[in-house]
Each structure stands twice: as structure tokens, then as C-alpha cells.
There are 2 protein chains.
Amino acid sequence: MAKLAYRSYSRYSREAVALLGLMIRNARIERDMTVADVAERAGTSRGLVHRIEKGEMGSSIGAAFEVAAIVGLRLFEAEPATLTRHLSMERDKLALLPQSVRTGTTKVKDDF
Amino acid sequence: MAKLAYRSYSRYSREAVALLGLMIRNARIERDMTVADVAERAGTSRGLVHRIEKGEMGSSIGAAFEVAAIVGLRLFEAEPATLTRHLSMERDKLALLPQSVRTGTTKVKDDF
DNA sequence: CAACCATGACCTAATTATAGGTCATTAGAG
DNA sequence: CTCTAATGACCTATAATTAGGTCATGGTTG
């Protein structure tokens, strides 16, 4: 049975996930960790770590980010402390934005 | 039946995923897009987009990155073109690294 | 060169995410 | 204030990922 292509992704998304996987692999090897090491520390299986490094789109984002953290990758910030700051910054930003979006407005804009 | 906590994640991973969700939501609202709009363009469901924005760890990384791209978020680079460059850079870097990691070495280093 | 071991691929069972529907709530526009 | 619609939550069937095992391959060390 041939494996089906379940969903279509944009090139950008595919490359971003692939890049994350490669960065994870590079970081892991630089730290002299085996796939099994990382899997154990992440509480996942060896196969999953392998698929994450390969850049498969179906892996859960939680597992991928956890593995990234374990090999020392900091996705948004160099310092974990600043991540919390960014979180509240985004929350504050959200508070200033409308809490729901009216399509009516958009529709008029796209209507020509 | 109470919902079980399936897996444990580090604080950093949880905050990183939550931050990504908030950034997506902010970007979406700034672009006057509804959750339904984004879901349709991503080829997913409204509920999934909602869970991604909420920062749930179980969402697939492909869906999350696709949604991020649709609302205009660029995770690694401002320019999509440079993403491809980074991809080959990481591949080159990988070529210089050992292709398998010996645990024996690590064990000695950690052994004191 | 020879032995060891990390890796990558595959398989099956079990668990989980997802789609798509409905419904209550609430924010925004008139 | 009132009406409309976006949002968030929940539900069920389906489809997917995941864990955990095994196996072949190839890199690394002695």
C-alpha cells in the first residue's frame, strides 16, 4: 500500500521544519549525544527523534520543541528567561487588539 | 473521566509553544483574518487553528508552521529566500560532523 | 581488517490528533 | 441597547502519530 500524501504544505513551511530538524541534528552531534540519549531525556522514542530530525511534518510540536531544548537549541531567544518576558509582551499586545475579527470589513476590502 | 496529562514537558518548551501561538494570534488579528479564514487557507479545521493559537503541545508541527506562514509569521528569517540558504548551510555543517556519535566517549566525559 | 554500535527503516498495537458538527458566550457594529 | 457573527468549548468517528520492537546498513574505534 503506497503511503498517501495526506496534506499539502507550502514550501516555506516544509523548509522551516526541515531546517529545524537539521539544526537539532547538528546541535545533538556537537554535544556528542546519541539519538537514544535524546529520546530518553525527552521521554519519547528513538524513532520519533529520528523523524523530527528528518523534518517530518506530522510530528507533534511539543515533542519537537522539547527535543530542540534538550540539545540546547533556543528557538526564540538565547536566554530562556527572556522567553517569559516575550510571553507577557505578546499577551499585552493581544490585549490591545480586538478580541474578535469582523469579516465584514475584510470582505469589502477584498471585494474588488 | 478526567483528562490525563499524557506527557511532561519542560517549562521552556511549553512557553516556546505558547509564545508561538500568541504570535500567531496577534499576527492573525493584525491582518484582520478570522480563525475560519486561516483554517480554510491552511486546509485544516477551525478547531485546530484554535488549539495551535492556544499553544497545545500535541498539534502537528506542520500544521502549526503552515498556519504561522499564512498569517505572515517568519520564524527563522525575515526573507523566505534566506531560509533555503540556511538549509544548505546546515547541511554543509552536518557534512563536517561525524555521522554517528559514540556514547563511549560521552560516558567518559560525564564520568566524574 | 574486524568488532561494535549508532543509525535508519520497517512493522504492529495502542494512543492520540484531527475534522466537522453543534452550542453557549461574547465582542463589535448599527 | 440589539443584532450579528466570531470565538471557544465540546462531542464522535476517522485518520494519524507514537511506542517499542526488530533488522540491515554503515560508520567508528581498536
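Since the structure is predicted, the reported quantities are computational estimates derived from the model, not experimental observations. Below, read A as the first sequence line, B as the second, and so on, with proteins coming before strands; counting in each chain starts at 1.
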Trainee: Between C:dA19 and A:Arg7, is there an OP1 or OP2 to side-chain N/O distance shorter than 4.0 Å?
Mentor: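 Yes, such a contact exists.
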Trainee: So which nucleotide from D:dT18, C:dT7, C:dA19 ends up closest to the side chain of A:Leu48?
Mentor: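 In terms of side-chain proximity for A:Leu48, the closest of D:dT18, C:dT7, C:dA19 is D:dT18.
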Trainee: With sequence neighbours excluded, tell me which residues meet salt bridge (charged side-chain N to carboxylate O under 4.0 Å, His left out) with B:Glu66.
Mentor: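 Per chain and number, B:Glu66 pairs via salt bridge (charged side-chain N to carboxylate O under 4.0 Å, His left out) with no residue.
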Trainee: Hey, which of these two, B:Ala36 or B:Arg51, hits DNA chain D nearer its 5' end, going by closest nucleotide?
Mentor: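 Residue closer to the 5' terminus by nearest nucleotide: B:Ala36.
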Trainee: Of the options D:dA9, C:dG28, D:dT7, whose atoms approach the side-chain atoms of B:Thr34 most closely?
Mentor: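 Nearest listed nucleotide: D:dT7.
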Trainee: Choose from C:dA27, D:dA19, D:dT22 the nucleotide whose nearest atom is closest to any side-chain atom of A:Ser100.
Mentor: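 Per side-chain heavy atoms of A:Ser100, the pick is C:dA27.
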Trainee: Does C:dT18 have OP1 or OP2 under 4.0 Å away from a side-chain N or O of B:Thr44?
Mentor: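 No, because none of the side-chain N or O atoms of B:Thr44 sits under 4.0 Å from OP1 or OP2 of C:dT18.
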Trainee: Of B:Arg46 and A:Gly47, whose nearest nucleotide on DNA chain D comes first from the 5' end?
Mentor: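 Its nearest nucleotide being more 5', the pick is B:Arg46.
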Trainee: Within less than 4.0 Å of OP1 or OP2 of D:dA9, is there a side-chain N or O belonging to B:His50?
Mentor: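 Checking D:dA9 against B:His50, a side-chain N or O does come within under 4.0 Å of OP1 or OP2.
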Trainee: Looking only at side-chain N and O atoms, does B:Arg28 come under 4.0 Å of OP1 or OP2 in D:dT7?
Mentor: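 B:Arg28 to D:dT7 OP1/OP2: side-chain N or O found under 4.0 Å.
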Trainee: According to a strict under-4.0 Å criterion, is A:Lys54 in side-chain N/O contact with OP1 or OP2 of C:dA9?
Mentor: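 Yes.
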Trainee: Check the phosphate of D:dG8 against B:Arg25, side-chain N and O only, distance under 4.0 Å to OP1 or OP2. Yes or no?
Mentor: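 For B:Arg25, the contact criterion (side-chain N or O under 4.0 Å from OP1 or OP2 of D:dG8) is met.
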